[in-house]
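Side chains included, hydrogens not; waters and symmetry mates left out as well; all remaining heavy atoms used.
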Amino acid sequence: MTSKLRVQLPGLDLKNPIMPASGCFGFGKEYAQYYDLNCLGAVMIKAATLDPRMGNPMPRVAETPSGMLNAIGLQNPGLAKITSDILPTLASSHPDLPIIANVAGSTLDEYVAVCQSISQAPNVQAIELNISCPNVKQGGIAFGTDPDVAYELTKAVKAVSSVPIYVKLSPNVTDIVSIALACGKAGADGLTMINTLLGMRIDLKTRMPILANQTGGLSGPAIKPIAIRMIRQVSQVCDLPIIGMGGVGTVDDVLEMFMAGASAVAIGTANFTDPWICQKLIEQLPNRMQELGISSLDELIAETKARRNQ
């Protein structure tokens, strides 16, 4: 079973392609009480910023049909705490579990400082660069909405990081392909996609937005068709490996991501409705692959690439 599910990405030798998405799994400790995290391909830990962040005011989560909205605001204890306490604890309790560190910031210098430091942690094997954050020097524009800004940020963090950089693409753009190509040109080792879509809900009694932040990121099954479309678009023109995410909740969703062009899959919102979902998908994947005549994920990746070139 191991060889059927094993995938190799830059910096990551994964025994299976399933990992929890950043922001939906904390730093792993919360879910370790439910199952052995060593069964996972990797863990994308919660975002790290240079200084601690309290996050946005509450309420900051709202249910939606087939999904949820969140405006957590990158709440985290800050780089120093993560590197001195959280990551060493993870390394001690799960020494063979690959960690992908999600990095966020408000300025290029902040991104560079965090990437340079966190990439030195022994159990961090890759960095997921969250480029949906506002660039203060660009008047609040998100790093991930302008190809030139995304290029400069990716190039800067690549110069200081000792592990591969996977850029997390925002779907809140007109042309996600141009952003992906800019990141690739700057030296990115891979992509993760997609991040949440901007949404809002309004309380009928108060006539006001439910979230204190007014808008939040939409995730869950509702966004899967958009994720599939964008992964397909990017994979058609970009050779960088993609870790797909966005509404994955079943083993068929996992395989659909692969057929769109992904080489691994991250599970987000589904962790909230079923804490065992990642473990279940890993267990179910071999049988479903056998039913569909897929001998290995490597074969499926190669088949998808070949079809792209036809």
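- Among residue pairs with one or both ends in residues 207-218, none qualify as side-chain hydrogen bond (donor to acceptor under 3.5 Å, both in side chains); sequence neighbours excluded.
- Evaluation of the ring pair (Phe, Tyr, Trp, His ring centres under 6.0 Å) test over residues 213-242, restricted to residues two or more places apart or in two chains, returns none.
- No side-chain N or O of Asn70 forms a donor-acceptor pair with one of Ser219 less than 3.5 Å apart.
- Checking each of Val112, Ile118, Ile165, Leu50 against Val103 for a side chain to side chain contact (heavy atoms under 4.5 Å, CB included) leaves exactly one that passes, namely Ile118.
- The neighbour count for Glu63 CD, taken as heavy atoms of other residues, nucleotides or ligands under 6.0 Å away, does not exceed 12.
- Put simply, OG1 on Thr154 and CG on Asp189 are 10.5 Å apart, with the number rounded to the nearest 0.5 Å.
- The line from CD1 of Ile131 to OG1 of Thr145 is 8.5 Å long, rounded to the nearest 0.5 Å.
- Separation of atoms CD1 (Ile99) and CG (Leu90) is listed at 5.0 Å; rounding is to 0.5 Å.
- For Leu292, the CG atom sits in a packed shell: over 12 heavy atoms of surrounding residues, nucleotides or ligands are nearer than 6.0 Å.
- A distance of 7.0 Å separates OG1 of Thr196 from CD1 of Ile223, quoted to the nearest 0.5 Å.
- The distance from the CD atom of Gln279 to the CG atom of Asp274 is 9.5 Å, given to the nearest 0.5 Å.
- The aromatic rings of Phe25 and Tyr35 sit tilted, their planes meeting at an angle between 30° and 60°.
- Within the model, atoms CG of Asn130 and CZ of Phe143 stand 10.5 Å from one another, a figure rounded to the nearest 0.5 Å.
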